Amino acid sequence: MDERDKRRVGEQVEPGGRPKAPGRLELLQRFVNTHNHDFPSDWDRIGTKDKAEAWLREKGLVAPGDRVSEADAARLRELREAIRALAVANHGDEPPRAATRVIRSASHAAGLRVAIDDAGKTALEPAGRGVDGAVASLLRILHEAQLTGHWLRLKGCRQCGYAFFDRSKNRSAAWCAMSICGNRTKNRSYYRRRRSPTA
């Protein structure tokens, strides 16, 4: 994979050619994948206020007049890593308490309200706008995905943390791509066994 393709990972390209998550969950997947920890930090799509503002605007999460501060960008990165930790925990682990604390705090600050249409159907909607509204929209997707059961299929790669949608029947996928992270993990295990004095 050349640098041009690597820079498209998380947006247009998925490791291993996996299809993206269904429906609105794709947006949350893309949010988590705004940075891949295997790539340079300056590739982070929300690494600065300008990058974060551009990404949020492109995704329709903020209005043209909304501005993003460096503190907002840092808050978004903290939320991203907390949601990533929850996705990694979808391999059957307990979510880290630090991650749930970050998400709980973000939900208090962002504000979600229950809306109801003329047919009596309810939905969660952001109560504010700007970055708070964007955070509320992302948390709404997380909540909806948990209600539908799709959330358990959004996993963080055990090797690199990249979020992928597990479409296997028994939800057993562990890596973003077997050819990349799966092979890395197996090679490391192999060399560890070779170096072990008991081997």
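The shown structure was predicted, so the numbers you read here are calculated from the model rather than taken from an experiment.
Applying the side-chain hydrogen bond (donor to acceptor under 3.5 Å, both in side chains) test to every pair with at least one member in residues 104-114, sequence neighbours left out, gives these pairs: Arg113-Glu125. Listed by first and then second residue, the salt bridge (Lys or Arg N to Asp or Glu O under 4.0 Å) pairs involving residues 81-91 are Glu81-Arg84 (not counting sequence neighbours).
In terms of heavy atoms, Ala21 sits closest to Glu26 at O-CB, 3.4 Å. When all heavy atoms of Asn90 and Trp151 are compared, the closest pair comes out as ND2-O, 2.9 Å. Of all the heavy atoms in Val135 and Ala110, the pair that sits closest is CG1-CB, 3.7 Å. Nearest heavy-atom pair, Ala136 versus Leu112, reported as atom, atom and distance to 0.1 Å: O-CD2, 3.4 Å. The minimum heavy-atom distance between Ala173 and His91, with the atom names listed, is O-CE1, 3.4 Å.
Side chains of Phe31 and Ile141 form no contact here, defined as non-hydrogen atoms less than 4.5 Å apart. Contact check for Thr148 versus Leu25: no side-chain heavy atoms found under the 4.5 Å cut-off. With contacts defined as side-chain heavy-atom distances shorter than 4.5 Å, the pair Pro19/Arg167 qualifies. Contact annotation: the side chain of Ile46 never approaches that of Val68 to less than 4.5 Å [non-hydrogen atoms, C-beta and beyond]. Inter-residue side-chain proximity for Glu70 and Lys49 is flagged as met; some heavy-atom pair is nearer than 4.5 Å. With a 4.5 Å cut-off on side-chain heavy atoms, Leu76 and Trp55 do not count as touching.
Paired with Thr34 under the rule side-chain hydrogen bond (donor to acceptor under 3.5 Å, both in side chains), one option of Lys51, Arg80, Arg45 passes, and it is Arg80.
To the nearest 0.5 Å, atom NE2 of residue His143 and atom CZ of residue Arg140 are 11.0 Å apart. Considering CG of Asp166 and CG of Leu154, their distance stands at 9.5 Å, rounded to 0.5 Å.
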Item to complete: Begin from the C-alpha positions of Thr122 and Asp117 and carry the test side chain to side chain contact (heavy atoms under 4.5 Å, CB included) through to its verdict.
Response: CA-CA 7 Å; Thr122 60; Asp117 65 15; over 6 Å; no

Practice prompt. Would you check, one step at a time, whether the test side chain to side chain contact (heavy atoms under 4.5 Å, CB included) holds for Leu86 with Lys155?
Written response: CA-CA 8 Å; Leu86 260 60; Lys155 295 181 175 179; over 6 Å; no

Worksheet item: Should Asp50 and Arg67 be marked as a salt bridge (charged side-chain N to carboxylate O under 4.0 Å, His left out) after you check the CA-CA gap, both sets of side-chain angles, and the distance that decides it?
Response: CA-CA 9 Å; Asp50 293 336; Arg67 294 288 170 252; over 6 Å; no

Worksheet item: What do the steps show when you test Lys59 against Glu11 for salt bridge (charged side-chain N to carboxylate O under 4.0 Å, His left out), and what is the final call?
Response: CA-CA 11 Å; Lys59 299 297 183 266; Glu11 289 293 337; 3.0 Å; yes

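Among residues two or more places apart in sequence or in another chain, the side-chain hydrogen bond (donor to acceptor under 3.5 Å, both in side chains) test is passed with Ser41 by none. Applying the salt bridge (charged side-chain N to carboxylate O under 4.0 Å, His left out) rule to Arg75 yields the partners Asp72, Asp132; only residues at least two apart in sequence or on another chain are considered. Remark: Ala74 engages Arg77 in a side-chain contact (heavy atoms from CB on, under 4.5 Å) (not counting sequence neighbours). Taking the side-chain contact (heavy atoms from CB on, under 4.5 Å) definition, one finds that Glu78 meets it with Val102, sequence neighbours left out. Under the salt bridge (charged side-chain N to carboxylate O under 4.0 Å, His left out) criterion, Lys20 pairs with Glu14, not counting sequence neighbours. With sequence neighbours excluded, the residues that form a salt bridge (charged side-chain N to carboxylate O under 4.0 Å, His left out) with Glu144 are Arg24. Partners of Arg57 according to the salt bridge (charged side-chain N to carboxylate O under 4.0 Å, His left out) rule, which considers only residues two or more places apart in sequence or in another chain, are Glu53. Partners of Ala123 under the side-chain contact (heavy atoms from CB on, under 4.5 Å) rule, at least two apart in sequence or in another chain, do not exist in this structure. Checked against ring pair (Phe, Tyr, Trp, His ring centres under 6.0 Å), His37 has the following partners two or more places apart in sequence or in another chain: His35.
Residue Leu79 is not grouped with residue Val88 when hydrophobic side chains (ILVMFWY) are merged at heavy-atom distances under 4.5 angstrom, including chains of intermediate members. Both Leu27 and Leu56 belong to a common hydrophobic cluster when Ile, Leu, Val, Met, Phe, Trp and Tyr are linked at side-chain heavy-atom distances under 4.5 angstrom. Under the 4.5 Å side-chain contact rule for hydrophobic residues, Val32 and Leu138 share a cluster. Under the 4.5 Å side-chain heavy-atom criterion for ILVMFWY residues, no single connected hydrophobic cluster contains both Trp175 and Phe164.
Asn33 contributes a side-chain N or O that, together with a main-chain N or O of Ala163, makes up a donor-acceptor pair within less than 3.5 Å. Side chain of Arg18 to main chain of Cys176: a donor-acceptor pair is present (N/O by atom type, distance under 3.5 Å, no hydrogens or angles).
Between Asp66 and Arg129 a salt bridge is recorded (basic side-chain N to carboxylate O distance below 4.0 Å).
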If you look only at distance, which donor and acceptor atoms sit under 3.5 Å apart when one is on a side chain in residues 93-101 and the other is two or more places apart or in another chain?
| unit_1 | atom_1 | unit_2 | atom_2 | d |
| --- | --- | --- | --- | --- |
| Thr100 | OG1 | Arg97 | O | 2.9 |

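The environment of Asn170 atom CG is dense: over 12 non-hydrogen atoms of other residues, nucleotides or ligands sit within 6.0 angstrom.
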